[in-house]
Amino acid sequence: MTTTVQQTDAEAAVGTWLSDFDRALTSGDIEAAAALFAEDSYWRDLVAFTWNITTVEGPAGVTDLLTQTLNGTRPTGWRVAAGETPTRGDGVDEAWIDFETNAGRGRGLLRLRDGKAWTLLTTLYELTGYEEHSGPTRPIGTEHGIHQHRETWLDRRQREAKELGYETQPYVLIVGGGQGGIALGARLRQLGVPTIIIDKRSRPGDQWRSRYKSLCLHDPVWYDHLPYIKFPENWPVFAPKDKIADWLESYTRIMELNYWTHTEAKSAAFDEATGEWTVHVERDGQPLVLRPKQLILATGMSGRPSIPDFPGMDSFQGDQHHSSAHPGPDAYAGKKCVVIGSNNSAFDICGALWENGADVTMVQRSSTHIVRSDTLMDIGLGALYSEQAVANGVTTEKADLIFASLPYRILHQFQIPLYDQMRERDKDFYDRLEAAGFDHDWGEDGSGLFMKYLRRGSGYYIDVGAADLVANGDVKLAKGQVDHLTEHAVVLDDGTELEADLVVYATGYGSMNGWAAELISQEVADKVGKCWGLGSDTTKDPGPWEGEQRNMWKPTQQEALWFHGGNLHQSRHYSLYLALQLKARMEKIPTPVYGLQEVHHLT
Ligand SMILES: Cc1cc2nc3c(=O)[nH]c(=O)nc-3n(C[C@H](O)[C@H](O)[C@H](O)COP(=O)(O)OP(=O)(O)OC[C@H]3O[C@@H](n4cnc5c(N)ncnc54)[C@H](O)[C@@H]3O)c2cc1C
């Protein structure tokens with residue numbers, strides 16, 4: 001806890017740093033600005049300086065960033081954010097800060113050690129002159145007085161729906177209307193960027209409706225809010241999939257999104273000369289060409305199933321499908337079910353099949369990290385996303401910024417002690433699981449679930465009960481690679497034969513640039529390179545270190561092509577920065593990109 005003396009000291013240290021930084025930047029003294037950063041320091045910028053999502057390290061990184069961005073940014077007004085007070089603890093002074101650039105207003109989080117910056121987060125949250133109309137500047141909604149031929153809100157909406165995409169072109173086309181496309185669409189709407197969201201499915205929310213029946217969100221409500229409209233106070237901690245689907249559907253309507261269902265993008269090509277995409281779509285079976293300036297693939301990180309190709313699959317006589325096509329357990333009571341894989345989907349599906357009286361075997365091919373949901377909530381998320389966090393004044397927006405302020409390079413160092421605590425708290429559980437022969441890991445450096453998610457987006461299960469079924473043998477465990485299938489069985493590489501009426505391939509999903517290959521060309525997919533991952537040089541996240549998630553929410557090597565997605569937290573938070581990048585381009589605000597994504601891997 002910060003005492004009054006510590007607080008005064010923190011205020012003084014932060015005040016001095018901010019005025020020194022302000023002076024250095026205003027006078028263009030990059031050397032002096034860089035000298036305010038410790039040797040071991042990180043500056044993460046979300047669009048404010050770099051028109052990119054970038055982290056630089058140490059004074060040399062700061063020098064490079066400022067050399068390329070300072071002239072175009074002209075930041076001023078560095079100050080402690082209104083209503084906030086710097087704090088001191090564990091040798092770190094921490095402060096919420098505000099500043100302005102020549103394009104907009106920014107906020108951030110500064111941490112000092114011994115008077116020098118250790119971490120600095122800078123984010124742009126609005127463009128000057130293009131502020132969203134909310135609160136005191138909210139729209140009037142009507143024009144009082146008498147107006148002949150008055151156009152009502154409904155008239156306007158109907159006219160817009162009729163014209164957009166036919167008589168007028170959207171500036172942005174979002175392909176994919178899951179939570180990602182919807183959150184981004186909502187922000188663009190508020191920024192006045194003409195946008196169409198297309199999805200080949202029948203209804204918004206079908207992304208969730210179509211998943212296996214037992215699915216509930218694995219993340220708690222405080223982590224899951226969409227922009228602008230929070231879930232109500234009585235919303236369950238873990239929303240059932242169909243409930244979240246209905247919420248998404250209502251949200252698209254309330255937020256006045258131009259959301260085209262039954263619309264599939266068939267192909268897209270960018271014309272360098274006109275700076276325009278030609279996108280062939282099929283809407284309700286009718287071909288149509290759209291010509292947006294910006295194309296967003298929000299087609300899902302968990303949208304391209306990785307379906308294995310085992311010998312004998314074509315002669316297998318039972319049901320077989322990828323986890324994304326699993327209908328749920330109803331048809332499989334009393335049947336022999338083999339689930340290939342041992343991550344989230346595999347556990348959820350095994351659990352539901354077992355609850356429904358199936359004979360279930362899980363095939364584990366490689367180790368999995370498991371953390372119990374309640375433990376994750378208490379130890380992993382509680383400080384930022386929980387009822388307690390809200391009571392402590394940590395709003396969702398603050399929590400997002402705090403999370404964003406921890407540089408990926410050192411994030412694992414903050415995570416490891418938390419997972420050590422979890423290991424201790426649930427020791428009996430892990431002992432039982434391992435005694436049952438389950439290969440469990442904590443991530444290659446012990447940093448657990450979030451790091452696995454950020455690095456590879458797979459390899460874990462948030463346990464909501466099914467792990468006990470494996471630990472106590474109710475769900476049988478088989479280990480090894482699948483060698484082939486026969487008419488009635490799955491055969492593993494050690495010769496083990498698992499009789500099966502159903503085989504579920506819970507084998508994960510492919511990289512998002514595969515969508516670009518499908519829709520645009522292999523050449524563009526390769527030009528853009530792999531999506532997701534940090535370059536941590538751990539399994540499925542090869543080096544070199546890249547500092548940020550590859551290609552997500554930021555400019556790519558293909559002009560006017562963007563990738564958006566991730567979990568609800570990421571869709572909410574990063575949609576702001578992507579929306580601001582798009583709005584700035586629409587308004588012809590200069591957006592020189594610092595540190596454009598390099599390509600080291602193709603998939
Ligand atoms: C089993 C499971 C459980 C998960 N649990 C959670 C959780 O608890 N919390 C969480 O935050 N995340 C969870 N996720 C991860 C992730 O948040 C979800 O996958 C989420 O649906 C991703 O949203 P999205 O909008 O990025 O993509 P999606 O929801 O996959 O939406 C992509 C959309 O693109 C459309 N599309 C693709 N190609 C085209 C085309 N050519 N033309 C038109 N439309 C197209 C598809 O129809 C689809 O509707 C889970 C994922 C899975 C698989």
Side-chain angles (χ1 to χ4, degrees), residues 173-185 196-226 237-241 244-245 248-249 252 259-268 279-283 290 295-306 322-326 328 341 343-349 351-352 373 376 381 385 449 453 457-458 460-462 464 504 506-509 512 514-520 531-532 552-553 563-575:
L173 177 68
I174 303 176
V175 181
Q179 62 205 30
I182 289 173
L184 179 63
I196 299 178
I197 305 167
I198 63 169
D199 203 297
K200 56 190 173 194
R201 297 175 190 262
S202 315
R203 287 165 66 192
D206 275 356
Q207 304 75 15
W208 285 101
R209 284 188 197 95
S210 62
R211 289 182 175 148
Y212 48 85
K213 188 174 158 173
S214 58
L215 181 64
C216 290
L217 290 192
H218 291 115
D219 299 321
V221 60
W222 308 278
Y223 192 73
D224 297 335
H225 295 296
L226 294 178
V237 174
F238 300 106
K241 70 173 181 85
I244 201 84
L248 289 172
E249 188 170 21
T252 56
Y259 189 111
W260 292 6
T261 54
H262 291 295
T263 306
E264 181 165 2
K266 296 290 193 183
S267 70
V279 186
H280 290 268
V281 309
E282 212 170 84
R283 186 180 192 193
L290 294 174
L295 180 65
I296 321 295
L297 297 187
T299 36
M301 213 186 94
S302 310
R304 301 187 68 248
S306 295
H322 186 262
S323 55
S324 56
H326 180 63
N343 293 331
N344 254 327
S345 297
F347 270 99
D348 276 355
I349 290 169
S373 176
L376 183 67
L381 280 174
Y385 301 97
L449 191 130
Y453 176 69
S458 66
Y460 48 81
Y461 169 51
I462 301 176
V464 290
V504 180
T507 39
Y509 298 87
M512 280 186 79
W515 290 112
E518 232 168 70
L519 202 60
I520 309 167
C531 295
W532 209 261
M552 298 304 297
W553 317 292
F563 294 89
H564 177 59
N567 63 27
L568 280 154
H569 150 78
Q570 291 168 309
S571 287
R572 170 184 67 244
H573 185 58
Y574 289 101
S575 56

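Remember, it's 1-based here, ligands and their atoms both numbered in the order they're listed.
- In terms of heavy-atom proximity, Tyr509 sits nearest to Ser323 at OH-OG, 4.0 Å.
- No side-chain donor-acceptor contact under 3.5 Å links Tyr385 and Asp219.
- What sits closest to atom 25 (O) of ligand 1 on the protein, heavy atoms only, is Gly180 N, 2.8 Å.
- Between Asp224 and ligand 1, not a single N/O pair is under 3.5 Å apart.
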Derivation and outcome, side chain to side chain contact (heavy atoms under 4.5 Å, CB included), residues Leu248 and Leu226: CA-CA 9 Å; Leu248 289 172; Leu226 294 178; 3.8 Å; yes
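- In this structure, His218 has no ring pair (Phe, Tyr, Trp, His ring centres under 6.0 Å) partners at least two apart in sequence or on a different chain.
- Ligand 1 has at least one atom lying under 4.0 Å from a heavy atom of Trp208.
- Under a 4.0 angstrom heavy-atom cut-off, Phe238 registers as lying outside contact with ligand 1.
- Closest to atom 44 (N) of ligand 1 among all protein heavy atoms lies Lys200 N, 3.2 Å.
- Annotation: atom 42 (N) of ligand 1 to nearest protein heavy atom, Ala265 N, 2.9 Å.
- A donor-acceptor pair under 3.5 Å is absent between the side-chain atoms of Tyr574 and the main chain of Met552, judged by distance alone.
- With Trp260, Tyr223, Tyr212, Tyr509 as candidates, the residue nearest to atom 53 (C) of ligand 1 on a non-hydrogen basis is Tyr509.
- Proximity of Gln207 to ligand 1, defined as any heavy-atom pair under 4.0 Å, is confined to the side chain (atoms from C-beta onward).
- Glu264 is linked by a side-chain contact (heavy atoms from CB on, under 4.5 Å) to Lys200, Lys266, counting only residues two or more places apart in sequence or in another chain.
- Close contacts between ligand 1 and Arg201 involve ligand atoms 46 (C), 47 (O), 48 (C), 49 (O) [criterion: under 4.0 Å to a heavy atom].
- A donor atom on one side chain and an acceptor atom on the other are found under 3.5 Å apart for Gln179 and Trp208.
- Any N or O atom pair closer than 3.5 Å counts here, and Asp219 shares at least one such pair with ligand 1.
- What sits closest to atom 15 (C) of ligand 1 on the protein, heavy atoms only, is Ser302 OG, 4.2 Å.
- The protein heavy-atom contact nearest to atom 12 (N) of ligand 1 is Asn567 CB, 3.8 Å.
- Only side-chain heavy atoms of Arg211 come within less than 4.0 Å of ligand 1; its backbone N, CA, C and O stay farther off.
- When only interatomic distances are considered, the shortest N/O to N/O separation between Leu217 and ligand 1 does not fall below 3.5 Å.
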With side chain to side chain contact (heavy atoms under 4.5 Å, CB included) as the test, would you mind laying out the steps for Ile174 and Ile182 before giving the verdict? CA-CA 9 Å; Ile174 303 176; Ile182 289 173; over 6 Å; no
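- At a heavy-atom distance under 4.0 Å, only backbone atoms of Thr263 (N, CA, C or O) approach ligand 1.
- Residue contacts with ligand 1: Cys216 is excluded, as none of its non-hydrogen atoms falls under 4.0 Å.
- If you check which protein heavy atom lies closest to atom 22 (C) of ligand 1, you get Gln179 NE2, 3.6 Å.
- Under a 4.0 angstrom heavy-atom cut-off, Asp199 registers as being in contact with ligand 1.
- For atom 2 (C) of ligand 1, the nearest non-hydrogen atom from the set Leu184, Leu215, Ile244, Val281 comes from Leu215.
- For atom 8 (O) of ligand 1, the nearest protein heavy atom (residue, atom name, distance) is His218 N, 2.5 Å.
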